[in-house]
Amino acid sequence: MNNVLMVNITYNPMGWKNTYINPKAGHSYARKNPGGECLNFCFNKKGIDTKEFFFGFVQWKSRPIRFENGGIIIFYTHNTTLRKGEIVGVYGNAEILKENKIFSFKGFNDDYYPVNIKAEKALSILFPLPLEANRYKKISSERLVGQNGFIYKDTTFAEQILNDEIIELLRTGLLESEYKKLVSIYNHYAKSAFAIPFLDENLKEQLELESLFTKSKSKPEIIEDLKNLKESDNEEIIVNHKTYKRDNKTIAQLKILRDFKCQLCNEFILKKDGSRYIEAAHIIPKHKKGRETPDNILILCPNHHKEFDFGKRVIISKSLDEVVFTINEMRYCVKLSLE
C-alpha cells in the first residue's frame, strides 16, 4: 500500500472554488464543460460537505487501488496562463471512494456534480504560493504526472513539498493562519515537529541594512552612494562597525530606492509589522559573472522573482539605464537608472 498520491487537475485561475471552463485545457471535454475538480478547494459546498470532511474529484481512467486511505493527495496542474507546471495544494486524511457519488449542483453538466475523493478539512489546503513543479523533476524531460491520471510517491516527497511551501510562507510573511495549518499538516504526516530554519544569512543582512539606511540615509544620499559603487570594490564592506556583503548593501539600498515595490507589477507583500517584503534578482546570474551593480539587479515580488528565475526568459536588450526582456512571451521594459 502507498499513502502518498500525486494527481493532475485542470488549471483553474479562480483557485478551484468556483465552476470554470478552461478554454486552454488539454482535454477536449474540459474545454467545453466545467471539470469536476472545479470545486476541489471549496470546502463548504452546501448539501455536500460536512463540518469535518469535504469531497472532490480527480479524472482518472482507473482508481489508484494501492493508495492507503488516510494518506495524502498532492495536486499538480499545468498553469495555462504561465505555461508551467505547479503544485497547488494537498488533501490530508484522504480517501478514494469505491464508487463515484453524484450530487445535485447547479453549473455542471445537467446540474450533476460527481465526486470520487474525500478528505479532512483540517489537514487540507490550497497553497497560498504554488510551487514550481520543475524543481521536483529528476530530469527536465520528465513528466511528473499524466494528464488523466496519478502517480504514487513516497512520504519523503510529501514532506519535501510541505516543507518547501512552509519555507515560502516564512519568506513572504503571508497569513499566520495558513502557515499554522501547513505546519499542522506537516507534523501529522512527518510525525515530527516542523523546525523553523535559520533565516537565510543574506536576507538577514539585507533586513538589517534596510532598517539602518531607511533611518539614516535620504534617497539622494543612497543614489550618490550607488553611483560611486565600483565592481572592483571589496566584496565585504563595513557599516556601523559591522561587516556585510557588498551585494547585500546594494540590494538593500535598491529596495529603498524602488520603494519596496516590484518593478514589473508595482506590488509587494505587506508584513504583519506593516513593513513591505520584496526580493531581488540578478539579470545576469552571479554564477555567470553577472555584475553586483544596480544595472544588473531587479527588485521583484516573490511571484515575479520565481517567474524570472524559472520562466522562459529572453533578454532583448540591456544598457545601464534599462533592460528589455520577455518572460513566457510577456514583454517588459524596466528602468535600471537610479534617477
Side-chain angles (χ1 to χ4, degrees), residues 8-15 20-26 30-31 76-88 127-137 139-144 147 164 168 171-172 202-203 206 226 231 247 250-251 253-255 257-269 276-339:
N8 182 70
I9 56 174
T10 301
Y11 178 62
N12 184 332
M14 295 185 289
Y20 173 74
I21 298 174
N22 189 342
K24 298 180 181 179
R31 291 195 295 269
Y76 165 91
T77 192
H78 179 73
N79 185 319
T80 53
T81 301
L82 300 179
R83 301 183 194 178
K84 66 179 181 180
E86 294 178 331
I87 295 174
V88 297
F127 287 170
L129 296 171
L131 296 174
E132 171 68 48
N134 284 342
R135 294 165 58 183
Y136 305 97
K137 291 182 178 181
I139 55 174
S140 60
S141 60
E142 178 187 5
R143 190 167 187 173
L144 283 180
Q147 182 177 334
D164 290 351
E168 288 298 310
R171 286 175 177 166
T172 55
N202 287 324
L203 180 57
Q206 290 168 30
L226 289 170
E231 187 63 21
D247 195 24
T250 302
I251 289 172
Q253 290 177 315
L254 284 171
K255 287 180 180 180
L257 202 60
R258 309 298 186 199
D259 293 322
F260 295 90
K261 291 182 180 180
C262 177
Q263 290 182 268
L264 301 190
C265 68
N266 215 36
E267 296 295 329
F268 53 86
I269 299 294
R276 297 175 177 182
Y277 176 85
I278 203 72
E279 298 179 355
H282 289 78
I283 299 169
I284 301 173
K286 289 194 288 185
H287 70 270
K288 292 185 178 180
K289 298 184 178 181
R291 289 156 52 89
E292 296 180 5
T293 51
D295 61 285
N296 192 47
I297 296 173
L298 292 174
I299 302 303
L300 302 174
C301 66
N303 283 346
H304 275 124
H305 187 180
K306 295 299 183 186
E307 188 177 12
F308 189 82
D309 286 346
F310 298 112
K312 181 183 177 182
R313 185 176 78 229
V314 178
I315 305 296
I316 298 171
S317 65
K318 182 182 177 301
S319 68
L320 293 176
D321 294 323
E322 71 174 22
V323 59
V324 180
F325 57 89
T326 61
I327 309 179
N328 298 326
E329 315 302 332
M330 183 70 74
R331 183 184 175 96
Y332 298 95
C333 178
V334 182
K335 170 188 171 182
L336 298 175
S337 59
L338 300 175
E339 297 178 303

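Atoms considered below: every heavy atom in the structure, side chains included; atoms not considered: hydrogens, waters and symmetry mates.
- What you find for Lys261 and Ile299 is that their closest heavy atoms are O-CG2, 3.7 Å.
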#### Entry: Audit row: Arg276, Asp259, salt bridge (Lys or Arg N to Asp or Glu O under 4.0 Å) steps and yes/no
CA-CA 9 Å; Arg276 297 175 177 182; Asp259 293 322; 6.0 Å; no

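- Under the 4.5 Å side-chain criterion, counting only non-hydrogen atoms from C-beta, Lys318 is in contact with Asn296.
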### Query
What do the steps show when you test Asn303 against His305 for side chain to side chain contact (heavy atoms under 4.5 Å, CB included), and what is the final call?
CA-CA 5 Å; Asn303 283 346; His305 187 180; over 6 Å; no

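- Between Glu86 and Ala133, the shortest heavy-atom distance links the atoms N-CB, 3.8 Å.
- Here the closest non-hydrogen pair linking Thr81 and Tyr11 is OG1-CE2, 3.7 Å.
- To the nearest 0.5 Å, the span separating SG on Cys262 from CD on Glu267 amounts to 8.0 Å.
- For the pair Asp309/Glu307, no side-chain contact is recorded, criterion being any heavy-atom separation below 4.5 Å from C-beta on.
- To the nearest 0.5 angstrom, Glu132 atom CD is 5.0 Å from Lys84 atom NZ.
- Here the closest non-hydrogen pair linking Cys301 and Cys265 is SG-SG, 3.8 Å.
- Heavy-atom minimum distance, Gln263 versus Lys335: NE2-O, 3.0 Å.
- Side-chain contact between Ile87 and Phe127: present, with at least one pair of heavy atoms (C-beta onward) separated by less than 4.5 Å.
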### Query
Under the side chain to side chain contact (heavy atoms under 4.5 Å, CB included) criterion, do Val314 and Ile327 qualify, and how do the steps go?
CA-CA 7 Å; Val314 178; Ile327 309 179; over 6 Å; no

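- Under the 3.5 Å distance criterion, with hydrogens and angles disregarded, a donor-acceptor pair is assigned to the side chains of Gln206 and Lys255.
- Put simply, the side chain of Pro294 does not reach to within 4.5 Å of the side chain of Leu336, judged on heavy atoms.
- A donor-acceptor contact shorter than 3.5 Å is absent between the side chain of Asn328 and the backbone of Gly311.
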### Message
Between Phe325 and Tyr332, is the ring pair (Phe, Tyr, Trp, His ring centres under 6.0 Å) condition met? List the steps.
### Response
CA-CA 5 Å; Phe325 57 89; Tyr332 298 95; 5.6 Å; yes

### Message
Determine whether Arg313 and Phe308 satisfy the following criterion, side chain to side chain contact (heavy atoms under 4.5 Å, CB included), listing intermediate values before the conclusion.
### Response
CA-CA 7 Å; Arg313 185 176 78 229; Phe308 189 82; 3.4 Å; yes

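- Across Glu292 and Ile297, no two heavy atoms sit closer than the pair C-CD1, 4.5 Å.
- Annotation for Met14: atom CE counts as buried by contact number, over 12 foreign heavy atoms lying within 6.0 Å.
- Annotation: the span from Arg258 atom CZ to Ile251 atom CD1 amounts to 12.5 Å, rounded to 0.5 Å.
- Counting heavy atoms from C-beta outward, Val323 and Ser317 have side chains that stay 4.5 Å or more apart.
- No side-chain heavy atom of Glu322 sits less than 4.5 Å from a side-chain heavy atom of Ser337.
- Other residues, nucleotides and ligands contribute over 12 non-hydrogen atoms within 6.0 Å of the CZ atom of Arg135.
- With hydrogens and angles ignored, the 3.5 Å screen pairs no side-chain donor or acceptor of Thr77 with any backbone N or O of Asn79.
- Inspection of the Asp247 and His282 side chains reveals an N or O donor paired with an N or O acceptor under 3.5 Å.
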### Criterion salt bridge (Lys or Arg N to Asp or Glu O under 4.0 Å) on Lys312 and Glu329, from CA distance to verdict
CA-CA 8 Å; Lys312 181 183 177 182; Glu329 315 302 332; 3.3 Å; yes

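- Between Tyr76 atom OH and Leu144 atom CG the span is 6.0 Å, to the nearest 0.5 Å.
- Considering only heavy atoms from C-beta on, Val88 stays 4.5 Å or farther from Leu131 through its side chain.
- Looking at Asp295 and Thr293, their side chains do bring a donor and an acceptor atom within 3.5 Å of each other.
- In this structure, Met330 CE and Leu82 CG are separated by 9.0 Å, a value rounded to the nearest 0.5 Å.
- Side chains of Ile316 and Thr326 form a contact here, defined as non-hydrogen atoms less than 4.5 Å apart.
- With values rounded to the nearest 0.5 angstrom, Asn266 atom CG is found 10.0 Å from Leu264 atom CG.
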### Query
Between Leu254 and Leu338, does a side chain to side chain contact (heavy atoms under 4.5 Å, CB included) hold up when you go through it step by step?
CA-CA 9 Å; Leu254 284 171; Leu338 300 175; 4.0 Å; yes

